[in-house]
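Shown next, in structure tokens, is the structure this report addresses.
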Amino acid sequence: MATKGFEGRLERMVEGTFGRLFRSAVKPVEFGRKLQREMDNHRSVAVDGRTIVPNSFSFAISVDDHDQLVDILGTLRRELADAAREHARDEGYSFVGPVEIEIVADGRLRTGFIDVESRFLESEGGLPPGSLVLPTGDRVPLGEYVVSVGRQGDCTIVLADPNVSRLHAEVRPAGDGFVVADLGSTNGTKVNGVRVAEQELRDGDEVRFGSTAVRFEAS
């Protein structure tokens, strides 16, 4: 379950400070449970038959709890976004836009309480969400623009890989999704181990530029 993965990752990432930060009644697993419940309770069927779920979530907690969490809010937001993506993959859900997480302080709430509101929020231009996950774990969001990949400094994604050409490839919107296009690189671009000139990307595809592999996620 995504909740267990979310809780375990968060505990490892804040190991050493976890106990101090979470002495209050607000526990990280509760964020994950509320997130999943919100997705399950508000799922809908799109005109193309896909099951779509909210992709924008706003969590409200007490001022005291927010003060305790302030040092790891960035980590918590990232982990919640990953938990949403994992739950969507497990259940076969789709999003209408990128996953967005907000955590705010609400003076009306008592310590230990969490409120959450969710929305269906389309990405710019109505494209489905997509991102490239780098070997570092960093995400590069995709949208109505071209993402260039290569060794030269003005590329969107700069890879310090001698097997990557200076201007190696592009990932760009096409139709209702995204494609990767090789730009005549020396060592080629591969999708799931197969060298391609241009290829539509699907959720979970491994895209290899030279010796560097990134993952395409459609959420």
Are [X] and [Y] connected, step by step, through hydrophobic side chains (Ile, Leu, Val, Met, Phe, Trp, Tyr) whose heavy atoms are closer than 4.5 Å?
{"X": "F178", "Y": "V196", "value": "yes"}
{"X": "V180", "Y": "L167", "value": "no"}
{"X": "F113", "Y": "V104", "value": "no"}
{"X": "V214", "Y": "V146", "value": "no"}
{"X": "V171", "Y": "V140", "value": "yes"}

Side chain of [X], backbone of [Y]: donor and acceptor closer than 3.5 Å?
{"X": "N55", "Y": "L121", "answer": "yes"}
{"X": "D115", "Y": "A60", "answer": "no"}
{"X": "T186", "Y": "S165", "answer": "no"}

Gap separating the [atom1] atom of [X] from the [atom2] atom of [Y], nearest 0.5 angstrom:
{"X": "I61", "Y": "L109", "atom1": "CD1", "atom2": "CG", "value": "9.0 Å"}
{"X": "D65", "Y": "I114", "atom1": "CG", "atom2": "CD1", "value": "8.0 Å"}
{"X": "E102", "Y": "R77", "atom1": "CD", "atom2": "CZ", "value": "9.0 Å"}
{"X": "D138", "Y": "L132", "atom1": "CG", "atom2": "CG", "value": "12.0 Å"}
{"X": "F120", "Y": "S56", "atom1": "CZ", "atom2": "OG", "value": "11.0 Å"}
{"X": "H168", "Y": "T189", "atom1": "NE2", "atom2": "OG1", "value": "3.5 Å"}

Indicate the atoms forming the closest heavy-atom contact of [X] with [Y], along with that distance.
{"X": "V164", "Y": "F209", "result": "CG2-O, 3.3 Å"}
{"X": "L80", "Y": "F59", "result": "CD1-CE1, 4.0 Å"}
{"X": "E198", "Y": "A181", "result": "OE1-CB, 4.0 Å"}
{"X": "V63", "Y": "G107", "result": "CG2-CA, 3.9 Å"}
{"X": "V147", "Y": "P141", "result": "CG2-O, 4.4 Å"}
{"X": "S118", "Y": "H42", "result": "OG-ND1, 4.2 Å"}

Decide yes or no for [X] and [Y]: does some side-chain heavy atom of the first lie under 4.5 Å from some side-chain heavy atom of the second?
{"X": "M39", "Y": "F95", "answer": "yes"}
{"X": "L69", "Y": "F31", "answer": "yes"}
{"X": "R215", "Y": "V207", "answer": "no"}

Side-chain donor-acceptor pairs under 3.5 Å in residues 154-162, sequence neighbours left out?
residue, atom, partner, partner atom, Å
D154, OD1, Q152, NE2, 2.9
T156, OG1, S148, N, 3.1
T156, OG1, S148, OG, 3.3
D161, OD1, N163, N, 2.8
D161, OD2, S211, N, 3.0
D161, OD2, T212, N, 3.2
D161, OD2, T212, OG1, 2.7

Check: Is any NZ, NE, NH1 or NH2 atom of the basic residue among E217 and R139 found under 4.0 Å from an Asp or Glu carboxylate oxygen of the other?
Finding: yes
Notebook entry, point to check: Is the closest basic N to carboxylate O distance between R85 and D82 below 4.0 Å?
Noted result: yes
Looking at residues at least two apart in the chain, or sitting in another chain, which of them share a salt bridge (charged side-chain N to carboxylate O under 4.0 Å, His left out) with [X]?
{"X": "R166", "result": "none"}
{"X": "D106", "result": "R108"}
{"X": "R202", "result": "E200"}

Margin query: Would V53 and E38 count as a side chain to side chain contact (heavy atoms under 4.5 Å, CB included) here? Give the steps.
Written below: CA-CA 9 Å; V53 291; E38 197 73 7; over 6 Å; no
Note to self: My understanding is that only residues two or more places apart in sequence, or in another chain, count here; which of them pass ring-ring contact (aromatic ring centres under 6.0 Å, His included) with Y93?
What the structure shows: H87
Item checked: Contacts of K190 that satisfy side chain to side chain contact (heavy atoms under 4.5 Å, CB included) - sequence neighbours left out -> R195, R208
